[in-house]
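Start at 1 and go down the list; that is how both ligands and their atoms are numbered. Just so we're clear, the structure is a prediction, and the values are computed from it rather than from any experiment. Just so you know, residue 1 is the first one in the sequence shown, and it goes up from there.
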Amino acid sequence: MDLKDKIDLTRLPGHIAVIMDGNGRWAKNRGEVRVFGHRNGVEAVRQTATAAAELGIRHLTLYAFSTENWKRPKCEVDALMNLLVASLSSELGTLMDNNIRLKAIGDLCHLQKNCFAQLQETMAKTAGNTRMDLILALNYSGRWEITEAARKIAGDIEQGKITKNDVDQDLFSTYLDTSEIPDPELLIRTSGEYRISNFLLWQLAYAELCFSPKLWPDFRKDDLYEAILDYQHRERRFGMTSEQIKPLTNQ
Ligand code: FPP
C-alpha cells in the first residue's frame with residue numbers, strides 16, 4: 001500500500017506550514033555553493049505544492065525568506081531574490097495546471113522591486129484558481145507581523161475606529177497578514193532542526209509540529225505524506241483532557 005493511500009482524506013489538516021531548511025548544507029555536502037541548494041529546493045517546492053493540492057489541502061504556507069535573511073551575504077540574498085523571480089515566472093504553468101492560487105504574507109513593499117512586481121503579476125494571474133492557496137512568507141517574521149498588528153490597532157484606537165475594550169484575540173487576528181487564512185494545524189520543518197525561527201508565532205499556537213531529518217532539496221511527496229500520517233496519529237486536545245476529546249472526535 002502506498003503511503004498516500006494510508007492517509008485518511010476526511011481528517012486532513014486544512015492548513016500546512018513549512019519551514020524549508022537545509023539548502024545550504026545540501027549544497028555543502030556536494031562541494032557546491034549555497035545557492036546550488038536553493039536552486040535544487042525549487043523541485044521540492046513543486047513536489048510539495050502539487051502533492052498538497054492533489055490531496056485536498058486548502059492552504060500551504062512556505063517560509064521562503066525571513067526578515068532575518070537579509071543578514072546573509074549580499075550575493076546569496078541577490079541570488080535568492082533572482083531565483084524567486086525566475087521560479088514565480090517559470091512555475092506559472094504548474095500553478096495553473098493544479099488550480100493553485102498564489103498569495104503572500106510579509107513586508108512585501110520592502111522586497112526588491114523586480115521581486116515585488118513578479119509576485120504581484122503571478123498572484124494576479126492565479127487569482128481565479130480555487131483548489132489550494134499557496135502562501136509564500138516573504139520578508140516575513142512572526143514578531144514583525146505581531147508588532148505591525150499592534151501598531152495598526154493603536155492607530156485605529158487613536159482614530160476612534162475601535163476602543164481598547166474591543167481588543168480581544170479574534171479582533172487581533174484580523175490585523176495579522178493571515179487574517180483571511182485559518183491557523184495551520186500542522187507545521188513541518190526539514191533538516192532535523194527543532195526551532196520555530198520566528199515563523200507564524202501567533203498562528204502556530206495549537207499546531208502539531210513535525211520535524212523531518214531530510215534536507216529541503218531532498219523533500220518529496222512521500223515525505224509530505226509521512227508528515228500528514230504522523231499528524232493523523234496525534235491526539236489534538238486544545239487544553240482539554242483525553243477523555244473530553246474522545247466523545248467529540250467520535251461524533
Ligand atoms: C533555508 O535553507 C532556505 C531558505 C532560506 C530559502 C528557501 C528558498 C527556496 C527553497 C528557493 C525557492 C523558493 C520558492 C518559493 C520558489 P538554509 O539556506 O538556511 O540551509 P542551511 O540551514 O543548511 O544553511
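- The shortest N/O to N/O separation between D21 and ligand 1 falls below 3.5 Å.
- Contacts between W26 and ligand 1, counted as non-hydrogen atom pairs separated by less than 4.0 Å, are absent for every part of the residue.
- Heavy-atom separations between G22 and ligand 1 include at least one value shorter than 4.0 Å.
- For atom 16 (C) of ligand 1, the nearest non-hydrogen atom of the protein is S87 CB, 3.7 Å.
- Under a 4.0 Å N-O distance rule, the pair D21/R189 qualifies as a salt bridge.
- Figure legend: cation-pi geometry between R72 and W70 absent, as NZ or CZ is not positioned both under 6.0 Å from the six-membered ring centre and within 45° of its axis.
- Salt-bridge annotation for E68 and K71: absent, with no side-chain N of the basic residue lying under 4.0 Å from a carboxylate O of the acidic one.
- Between G24 and ligand 1, at least one pair of N/O atoms sits closer than 3.5 Å.
- Looking only at protein heavy atoms, the nearest one to atom 1 (C) of ligand 1 is M20 O, 3.1 Å.
- Heavy-atom proximity to W216, at under 4.0 Å, picks out these atoms of ligand 1: 10 (C).
- Between R72 and ligand 1, a contact under 3.5 Å exists for at least one N or O pair.
- Ligand 1 has a nitrogen or oxygen under 3.5 angstrom from a nitrogen or oxygen of N23.
- Panel note: side chain W216, backbone G41; a donor-acceptor pair is recorded below 3.5 Å.
- In this structure, the protein non-hydrogen atom closest to atom 14 (C) of ligand 1 is L84 CD1, 3.8 Å.
- Residue-ligand proximity, R25 to ligand 1, at heavy-atom distances under 4.0 Å covers atoms 21 (P), 22 (O), 23 (O).
- Of the N or O atoms in E76, none lie within a sub-3.5 Å distance of an N or O in ligand 1.
- Within the 4.0 Å heavy-atom criterion, the part of L83 lying near ligand 1 is the side chain and not the backbone.
- The pair R195-E193 meets the salt-bridge criterion, with a side-chain N (NZ, NE, NH1 or NH2) lying under 4.0 Å from an Asp/Glu carboxylate O.
- Ligand 1 lies less than 4.0 angstrom from a heavy atom belonging to L136.
- No more than 12 heavy atoms of other residues, nucleotides or ligands sit less than 6.0 Å from atom CZ of R143.
- For the pair D156 (side chain) and K161 (backbone), a donor-acceptor distance under 3.5 Å is absent.
- The closest donor-acceptor contact from the side chain of N98 to the backbone of I100 lies at 3.5 Å or more, if one exists at all.
- Contact annotation: for R34 versus ligand 1, heavy atoms closer than 4.0 Å belong to the side chain alone.
- Within the 4.0 Å heavy-atom criterion, the part of N69 lying near ligand 1 is the side chain and not the backbone.
- Residues E121 and K125 are paired through a salt bridge, judged by an N-O separation under 4.0 Å between the basic side chain and the carboxylate.
- Residue A64 approaches ligand 1 through these ligand atoms, each under 4.0 Å from one of its heavy atoms: 6 (C), 7 (C).
- In this structure, the side chain of R131 does not engage the main chain of G56 through any donor-acceptor pair within 3.5 Å.
- Between R39 and ligand 1 there is no heavy-atom distance shorter than 4.0 Å.
- Not a single donor-acceptor pair under 3.5 Å links the side chain of D2 to the backbone N or O of D5.
- Applying the side chain to side chain contact (heavy atoms under 4.5 Å, CB included) test to D223 and every residue at least two apart in sequence or in another chain returns K214, F219, R220.
- With V35, N40, V42 as candidates, the residue nearest to atom 12 (C) of ligand 1 on a non-hydrogen basis is V42.
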